[in-house]
**Q** 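Quick one: structure below, then a few questions.
Just so you know, residue 1 is the first one in the sequence shown, and it goes up from there. Keep in mind the model is a prediction, meaning the values are calculated, not measured.
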Amino acid sequence: MNVKPAWGPLILGSGFSLSLIILLVILLVWPALVAYLGGHDLPKGQSWVGLISATLTVVGISSYLMIRSLEAVLTQFSNQGVERKGLFRNIVIRWAEVTEASWSQMTKSSRYPISIVLRTDSQCIRITASAYSNPRELLKFIHSHLPTLVRTQQKKTEQV
């Protein structure tokens, strides 16, 4: 199977996230800490509430982007199913257990799905197709391993 993460977007996303955090520290946090430790007031126009809010927002967005980027690296496809390693738990979905598969696209003219959702009775896994070097190959691989009933339901949905 030729489905591997697309390293360019993954590195770009992680680099962008790290750059946001570094920029935040240089522009906001460092001047505030220097002023505070020197016994001075915060730079004009800054407040601790604003500084903390900005820090939490940037760190939250950066963390989300980095986690979404890492999902492709931590997801493995095999003839048995899909496994995603996680910090707190691993998600394992066997092909035979899939009860629903859905694709979402940004526009009707999009060549590839943006995300693929596989569901079982107890678990769900979202796969971002654009994070892989060959989204078409990924889609073919997943479709060929889905149970026949799920493939039939998918064709009915596509025709509507």
**Q** Hey, quick one: are L37 and L28 part of the same hydrophobic cluster, counting side-chain heavy atoms closer than 4.5 Å, chains of contacts allowed?
**A** yes

**Q** Would you say R126 has more than 12 foreign heavy atoms packed within less than 6.0 Å of its CZ?
**A** no

**Q** Test V117 against I125 for side-chain contact (heavy atoms from CB on, under 4.5 Å), laying out the working first.
**A** CA-CA 6 Å; V117 179; I125 190 167; over 6 Å; no

**Q** Before you tell me yes or no, could you show the steps for S63 and V59 under side-chain contact (heavy atoms from CB on, under 4.5 Å), namely the whole-Å CA-CA distance, both residues' side-chain angles and the distance that decides it to 0.1 Å?
**A** CA-CA 6 Å; S63 299; V59 169; 4.0 Å; yes

**Q** Consider only side-chain heavy atoms of I, L, V, M, F, W and Y, link residues closer than 4.5 Å, and tell whether L20 and V29 are in one cluster.
**A** yes

**Q** Could you check if a side-chain atom of T128 sits within less than 4.5 angstrom of a side-chain atom of I116, using non-hydrogen atoms only?
**A** no

**Q** Do the side chains of V25 and F16 join up, straight or via other hydrophobic residues, at under 4.5 Å, putting them in one cluster?
**A** no

**Q** For residues 46-62, which residue pairs pass the side chain to side chain donor-acceptor pair (under 3.5 Å) check, not counting sequence neighbours?
**A** none

**Q** Under a 3.5 Å cutoff, is there a donor and acceptor pairing between the side chains of R119 and T99?
**A** no

**Q** For L146 and V98, work out which heavy atoms get closest and say how close.
**A** CD2-CG1, 3.8 Å

**Q** side-chain contact (heavy atoms from CB on, under 4.5 Å) between V58 and L23: does it pass, once the steps are laid out?
**A** CA-CA 10 Å; V58 169; L23 191 64; over 6 Å; no

**Q** Side-chain contact, heavy-atom cut-off 4.5 Å: Q76 with K85?
**A** yes

**Q** Please say yes or no: joined through hydrophobic side-chain contacts below 4.5 Å, possibly via intermediate residues, are I52 and I61 part of one cluster?
**A** no

**Q** Which residues pass the side-chain contact (heavy atoms from CB on, under 4.5 Å) test with A96, not counting sequence neighbours?
**A** none

**Q** Hydrophobic clustering (ILVMFWY, side-chain heavy atoms < 4.5 Å, transitive) - are L33 and L24 grouped together?
**A** yes

**Q** Can you name the side-chain contact (heavy atoms from CB on, under 4.5 Å) partners of V92, sequence neighbours left out?
**A** E83, R94

**Q** Crowded around N90 CG? As in, over 12 foreign heavy atoms under 6.0 Å?
**A** yes

**Q** Can you tell if the side chain of I91 reaches within under 4.5 Å of the side chain of I93, non-hydrogen atoms only?
**A** yes

**Q** Taking all heavy atoms of L51 and all of A32, pick out the closest pair and write down the distance.
**A** CD2-CB, 3.5 Å

**Q** Hey, does the side chain of H145 reach the backbone of F141 with a donor-acceptor pair shorter than 3.5 angstrom?
**A** yes

**Q** Compare all side-chain heavy atoms of P135 with those of L139 and state whether any distance is below 4.5 angstrom.
**A** no

**Q** Rounded to the nearest 0.5 Å, how far does CZ of F77 lie from CH2 of W95?
**A** 6.5 Å

**Q** Step by step, would you call L118 with C124 a side-chain contact (heavy atoms from CB on, under 4.5 Å)?
**A** CA-CA 6 Å; L118 301 174; C124 174; over 6 Å; no

